[in-house]
Visitor: 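Following this message is one structure expressed as structure tokens.
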Protein chains: 2
Amino acid sequence: MPIPSLPAASFSPLYQQIKAMILASLQAAEWLPGSSIPSEMELAARYLVSQGTVRKAIDELAAENLLVRRQGKGTFVATHQEDEWQYRFLRLEPDTGEKFLLVNRFLACEQMKSTSTIAKLLKLKAGDPVIQIDRIQSFNGKPIVFEEIWLSATRFKGLSLDKLNEWSGPMYAFYESQYGTHMVRAEEQIKAINANQELATHLELPLGHALLLVDRVAFTYGNKPVEIRHARYNTSQQHYVNKLN
Amino acid sequence: MPIPSLPAASFSPLYQQIKAMILASLQAAEWLPGSSIPSEMELAARYLVSQGTVRKAIDELAAENLLVRRQGKGTFVATHQEDEWQYRFLRLEPDTGEKFLLVNRFLACEQMKSTSTIAKLLKLKAGDPVIQIDRIQSFNGKPIVFEEIWLSATRFKGLSLDKLNEWSGPMYAFYESQYGTHMVRAEEQIKAINANQELATHLELPLGHALLLVDRVAFTYGNKPVEIRHARYNTSQQHYVNKLN
DNA sequence: CAGTGGTCTAGACCACTTC
DNA sequence: AAGTGGTCTAGACCACTGC
């Protein structure tokens, strides 16, 4: 009699299973961004494991910036609405090092059928409805960023220029408070391009001026892509920073 | 009698002290890149703490990519000479996703007096001797990267064009094997620029073509800056990738 | 089979926050 | 003082590697 081959998923530590259960609770919005989750002891009792095992699960989620630990207070669900996290994904900063206060101006917010490229990135079907937002961000009165943003129209139902204009603050805080969608991570691809006529006009630069092109896909819980950005930065007075570890 | 004010450094966990001691051993080259450090039990005995405390110290060093754990084998000092780590700091990749094989061509390697900018970044005194290297990297015969590199001439004594040309492989593996200098992390600042005549010639592009300008400072143990790079990437067929967490 | 890192537990105590 | 996360220990057992 042949010996059965080994199972594919050979081994999963307890703390990984706990981590998955906590993640599921986050995804199911059982605990909302900004609020505290049960204490380590409570979770240990709920899952019938020791505190140390819960600890290790939470440690990893905190390392991934999904949870935030605060000694003496508790463990909290990460939120883009905290001051510290407002510009967590913004890597642009002034060459001078001064504080960077970007002012928003929305140019458009329209529903359209997704192109095949957008659909693929958002894991939708080509032609599914998406919302396109155009915006310019300025610093000290100078336009610095021009970007187009795409969102699934079903997830962000009813999003309009008016709603955007009522909001003052970062987009990710907006998504979170208005649509219950918390961004967990993002991936960017960066190129240098020459400004065409449209970009030159928007960013008040000569035709052909070099710009940073930043393509971003942002993900919510469960590695679900929910936002596409196609941004151009004027980097004459500011730069993109990155730390390599 | 007045109560003495609180000490400035109020509290330092044991595992942080252990971590500092391991770091000191790395910096002192007691254990070399690629070799294994003593087992957790041995270190626990040496420092008179429990295995768990050593574990936590090593966990953090592994998270910072200074050490690499291998179950069943031991814990090893990170090295740029392993295949996996060869291009740890290279964030450029082809749009097509194919494998990126860059070919080196060194244009110059000359000693000079450091400018004040270079000196400040390398934490040297202005005028201290540095070595400047110019190189071009090509992919499929096309020049993609032109960069200037500066190193302290005292740390990299005797570095010459001949030595560079004898070497085939990444620079950081070269620094490590030839000068005992292991790079731990790096910081980059990125801008978009228009190619001037010199860059256009080197990268075989029309004048004014947009290029990615990447300024890098690389650090060895103890946050000591030891290498400056001033690189320009042609990003028409490739892009810079970044993950935001 | 011995040695390594990886997991899990139980319990003690510390540091910080809040009441 | 009570409750939270943070540190530290000791010991058991598991998974992986190499002899």
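Below, chains carry the letters A, B, ... as their sequence lines are ordered, and counting in each starts from 1. Source: prediction; values computed, not measured.
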Visitor: Write down the distance between CG (Leu43(A)) and P (dG3(D)), rounded to a whole number of angstrom.
Guide: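 Rounded to whole Å, this separation is 17 Å.
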
Visitor: Apply the test side chain to side chain contact (heavy atoms under 4.5 Å, CB included) to residues His230(A) and Trp150(A): give CA-CA distance (whole Å), side-chain angles for both, the deciding distance (0.1 Å), then the verdict.
Guide: CA-CA 9 Å; His230(A) 189 68; Trp150(A) 289 275; 3.7 Å; yes

Visitor: To the closest 0.5 Å, what do you measure between OG (Ser177(A)) and CG (Leu32(A))?
Guide: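 One finds 12.0 Å between OG of Ser177(A) and CG of Leu32(A).
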
Visitor: To the nearest angstrom, how far is Lys73(A) atom NZ from dC19(C) atom P?
Guide: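 The answer, rounded to whole Å, is 10 Å.
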
Visitor: Pull out every protein N or O sitting under 3.5 Å from an N or O of nucleotides 6-9 of chain C, one pair per line with the distance.
Guide:
{"residue": "dG6(C)", "atom": "OP2", "partner": "Arg55(B)", "partner atom": "NH1", "Å": "3.3"}
{"residue": "dG6(C)", "atom": "OP2", "partner": "Arg55(B)", "partner atom": "NH2", "Å": "2.9"}
{"residue": "dG6(C)", "atom": "OP2", "partner": "Arg69(B)", "partner atom": "NE", "Å": "2.8"}
{"residue": "dG6(C)", "atom": "OP2", "partner": "Arg69(B)", "partner atom": "NH2", "Å": "3.2"}
{"residue": "dG6(C)", "atom": "O4'", "partner": "Gln71(B)", "partner atom": "NE2", "Å": "3.1"}
{"residue": "dT7(C)", "atom": "OP1", "partner": "Tyr15(A)", "partner atom": "OH", "Å": "2.8"}
{"residue": "dT7(C)", "atom": "OP2", "partner": "Lys56(A)", "partner atom": "NZ", "Å": "2.8"}
{"residue": "dC8(C)", "atom": "OP1", "partner": "Leu14(A)", "partner atom": "N", "Å": "2.1"}
{"residue": "dC8(C)", "atom": "OP2", "partner": "Leu14(A)", "partner atom": "N", "Å": "3.3"}
{"residue": "dC8(C)", "atom": "OP2", "partner": "Tyr15(A)", "partner atom": "N", "Å": "2.9"}
{"residue": "dT9(C)", "atom": "OP2", "partner": "Ser50(A)", "partner atom": "N", "Å": "2.9"}
{"residue": "dT9(C)", "atom": "OP2", "partner": "Ser50(A)", "partner atom": "OG", "Å": "2.8"}
{"residue": "dT9(C)", "atom": "OP2", "partner": "Thr53(A)", "partner atom": "OG1", "Å": "2.3"}

Visitor: In Å, rounded to the nearest 0.5 Å, how long is the span from CG of Leu212(B) to OG1 of Thr235(B)?
Guide: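 So the CG of Leu212(B) and the OG1 of Thr235(B) are separated by 5.5 Å.
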
Visitor: How about Arg46(B): does its CZ atom have over 12 heavy atoms from other parts shown lying under 6.0 Å from it?
Guide: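 Result for CZ/Arg46(B): enclosed.
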
Visitor: Would you please say whether a donor-acceptor pair under 3.5 Å links the side chains of Asn242(B) and Tyr240(A)?
Guide: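 Yes, side-chain donor-acceptor contact under 3.5 Å.
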
Visitor: Just N and O in the side chain of Ser39(B): are any of them under 4.0 Å from OP1 or OP2 of dG3(C)?
Guide: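 Negative; the distance criterion is not met.
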
Visitor: Describe, as an angle rounded to 10 degrees, how the axis at the first end of the helix from dC1(C)-dG18(D) to dT18(C)-dA1(D) is tilted relative to the axis at the last end, five pairs per end.
Guide: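 Axis-to-axis angle, ends of the helix: 10°.
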
Visitor: Within the 4.5 Å heavy-atom criterion, are Lys19(B) and Glu64(B) side-chain neighbours or not?
Guide: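 Answer yes - side chains close enough.
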
Visitor: For residues Tyr172(B) and Glu227(B), is any side-chain donor paired with an opposing acceptor at under 3.5 Å?
Guide: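 Yes, side-chain donor-acceptor contact under 3.5 Å.
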
Visitor: Applying salt bridge (charged side-chain N to carboxylate O under 4.0 Å, His left out), can you list everything that pairs with Lys243(B), at least two apart in sequence or on another chain?
Guide: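 Testing Lys243(B) for salt bridge (charged side-chain N to carboxylate O under 4.0 Å, His left out), a comparison that skips the adjacent residues, returns Glu187(A).
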
Visitor: Both Gly72(A) and Met41(B) contact DNA chain C. Which one's nearest nucleotide lies toward the 5' end?
Guide: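 The residue closer to the strand's 5' end, by nearest nucleotide, is Met41(B).
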
